[in-house]
Each structure stands twice: as structure tokens, then as C-alpha cells.
Amino acid sequence: MSYNTLLFAVEDGVATLTFNRPEKLNALSAEMLAEITAVVDQVAKNPEIRVLLMTGQGRAFIAGADISAFLKFDPLAAREFADDAHVLGAKMERLPIPVIACVNGFALGGGCELAMACDIIYASEAAKFGQPEVNLGIMPGFGGSQRLARLVGKGLAKELCLTGRMVDAAEAKAIGLAARVFPAASFMEECTKVARALAEKGRVSLRAIKQTIDRGFDVDLKNACALEADAFALCFASADAKEGAAAFLEKRKPKFL
Ligand code: COA
């Protein structure tokens, strides 16, 4: 399948989706949103893919929703655009594999929101994050006000969304938005190295860990821990659990399904 706004490639179980409108800093158009969603649907059906990387061509990850569409937006059109983005976020969370945002440059507005819908955010030293919608007389609409607060805390999320200021890679790491920062020159190599390591881990445990953290996050601790205990128990139904323990005891590398 070919796309107008994206590049998509799969190698050794690692899929890489590259936003590809560099002349517009990969601004998120309705077409691009639909194409990203189509890729996520395709990834969900492909058991060969064990990790999904998202990154941007050029200077940006995504510099926000495509502002050129905004002048024509009425509330219904804006609601539809936001709903489509929320559907994508939910589909990304439902994917049974890790999704990594490899933030190579600007991740603003919808770009920051898409990164936050991924399971892990890695930042290049050149990355810049922000929710600058306030400067356009609007507000975040793709989950930014909610996911940012859950990631960095309510006070900091308010400060970032109210001021619209940009955060560099070091600050993103310090506040817990980015998990790690890699040098710009070797950025995708470093991200791919992690993805390859994840691709060798067991599908069952990757899925259980991702889903248990997501499902438990908004639940009270007692019920969240019960979710964890159930998922932990279910892991022992898998061949991977036997292989993991056997490999450790036999002092060899595990070979997971
Ligand atoms: N929507 C539409 N077009 C965008 C865009 C967006 N969100 N972000 C960047 N572009 C376009 C610019 O209009 C410009 O197009 P042109 O060459 O046809 O004029 C091109 O991408 C390059 O951007 P430019 O502003 O010239 O680059 P810069 O390095 O001077 O500034 C930014 C980079 C990211 C600071 C600036 O582009 C910006 O503020 N973008 C909007 C960010 C935003 O508000 N996002 C949230 C939207 S809800």
C-alpha cells in the first residue's frame, strides 16, 4: 500500500512509520490522520510486526494540526477532526505491541499529542515539544490536556498548555515526557536498537505489561493491583513463561515466540 503523506517500512519485525510532509513540518492534515490510522489498522493485523516506530521526515516530528484547515472549521468539523484523532489514539493504545514515538524535531500540538499516545517517547537532542494552541485562540483537542496531565502532573500540564511554551529535549526528559534523549546524529539508529531488542522479547509479556499499565492507570490502586495479578497469572499460560525461566536456569538466551 502506498501513502501520500507517509512512508512505511517493515524490517526484522520493526515497522517504521515516517510522517512525510517535510515542507510543511509534517503538519497533520485530515488526509495524514486517515493514513496514520490506516497504517495502525494494518499493523494490528500483521503478527510479523513486533514494534512500531513513529518519526518525522526533516525538521519536525509533527508541528501540529494543519492550521491551513482551521479558517474553514466550524464546531462540527472541529469535533469530527478531534474525534478522528481520539479514535487513532485509542487504536494505538489497543495495539498489542509497543509503539515508540521517535521525536526527531518539533512535536507541537497534535504532534505532541500523538507522541503522548505512544507507549514510549524518545527525544532527539533537536526535539522541541509543546502545546501552543493557546497562541491560536484555541486549546489542545487530541488528548493533550488529559494525557499531558497524566504524564507530567496537573500543575505542569496547565503551565505548558496555558503558556504554549516549547520544551527542549533535556526539559522533556526531566519532566518525564521523554523517556530518554539520544544524539541527533545517531537518533534513529539508537531508537532502532531499542526496537530490535524489544522485538526479541515475548509478545505475551510485552502485551500484558502495556495493557496492565494502561488499564490500571485510571483505576484505584486496589483494583489496579488485582488487574496486575490477573495479567501476571495469565502470563504463566504462555510458552514464553516456560522458555524464559528454562533459558535462565540453563544459562542461555531465551527464544520467545
Ligand atoms: N500547520 C500548517 N502549516 C505549518 C504548520 C502547521 N501546524 N507548522 C508549520 N507549517 C508550515 C509553515 O506555514 C511553513 O510553510 P510555508 O513554507 O509554505 O510558509 C512551513 O511549514 C515551515 O514552517 P516555518 O514556520 O517557516 O518554520 P520555522 O522554523 O520558522 O518555525 C515552527 C517552526 C514550528 C515554530 C512554526 O512553524 C510554528 O509555530 N508552527 C505552528 C505550530 C503550532 O501552532 N502548532 C499547533 C497547531 S494546533
Side-chain angles (χ1 to χ4, degrees), residues 3-7 17-37 54-90 92 101-118 121-152 156-173 175 177-178 181 184-185 187-188:
Y3 300 96
N4 291 327
T5 66
L6 311 173
L7 304 171
L17 188 171
T18 307
F19 313 121
N20 193 29
R21 297 181 73 207
E23 69 292 348
K24 293 289 172 193
L25 299 184
N26 302 323
L28 188 63
S29 60
E31 181 186 27
M32 189 159 131
L33 183 56
E35 289 192 344
I36 299 168
T37 307
M54 292 192 182
T55 192
Q57 193 74 265
R59 290 195 292 137
F61 179 74
I62 289 178
D66 192 332
I67 299 168
S68 64
F70 283 8
L71 280 180
K72 290 194 219 104
F73 265 18
D74 62 12
L76 285 179
R79 177 66 199 234
E80 196 178 320
F81 195 38
D83 282 348
D84 288 347
H86 285 292
V87 165
L88 170 60
M92 287 162 60
C102 307
V103 178
N104 52 303
F106 294 110
L108 303 175
C112 188
E113 291 168 304
L114 192 69
M116 290 190 289
C118 295
I121 298 177
Y122 288 144
S124 149
E125 279 168 344
K128 294 253 191 288
F129 298 82
Q131 296 290 159
E133 291 87 349
V134 68
N135 299 326
L136 299 168
I138 55 171
M139 65 169 285
F142 298 176
S145 62
Q146 305 308 307
R147 285 201 177 92
L148 189 59
R150 282 161 173 75
L151 271 173
V152 306
L156 200 46
K158 281 186 183 166
E159 196 264 342
L160 291 171
C161 292
L162 290 170
T163 63
R165 76 178 172 89
M166 280 193 229
V167 165
D168 65 14
E171 186 176 357
K173 165 89 171 57
I175 64 177
L177 182 55
V181 180
F187 183 56
M188 281 316 287

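Each ligand, and each atom within it, is numbered from 1 in the order the structure gives.
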Inset, instruction - Begin from the C-alpha positions of Glu171 and Phe129 and carry the test side chain to side chain contact (heavy atoms under 4.5 Å, CB included) through to its verdict. - result: CA-CA 9 Å; Glu171 186 176 357; Phe129 298 82; over 6 Å; no
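Checking Thr5 against Glu35 by side-chain atom types alone, a donor-acceptor pair falls below 3.5 Å.
To the nearest 0.5 angstrom, Leu88 atom CG is 4.0 Å from Thr37 atom OG1.
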In a table with atom names and distances, give each donor-acceptor pair under 3.5 Å that connects a side chain of residues 68-75 to protein atoms at least two apart or in another chain.
residue : atom : partner : partner atom : Å
Ser68   : OG   : Asp66   : OD1          : 2.6
Asp74   : OD1  : Leu76   : N            : 3.2
Asp74   : OD1  : Ala77   : N            : 2.8

For residues 135-149, which side-chain N or O atoms pair as donor and acceptor with protein atoms under 3.5 Å away, sequence neighbours left out?
residue : atom : partner : partner atom : Å
Arg147  : NE   : Glu93   : OE2          : 3.3
Arg147  : NH2  : Glu93   : OE2          : 3.2

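With sequence neighbours left out, the ring pair (Phe, Tyr, Trp, His ring centres under 6.0 Å) criterion links Phe19 to Phe61.
Protein residues having at least one heavy atom under 4.0 Å from any atom of ligand 1 are Glu23, Lys24, Leu25, Ala27, Arg59, Ala63, Gly64, Ala65, Asp66, Ile67, Phe70, Phe106, Leu108, Pro132, Glu133, Leu136, Met166, listed by chain and number.
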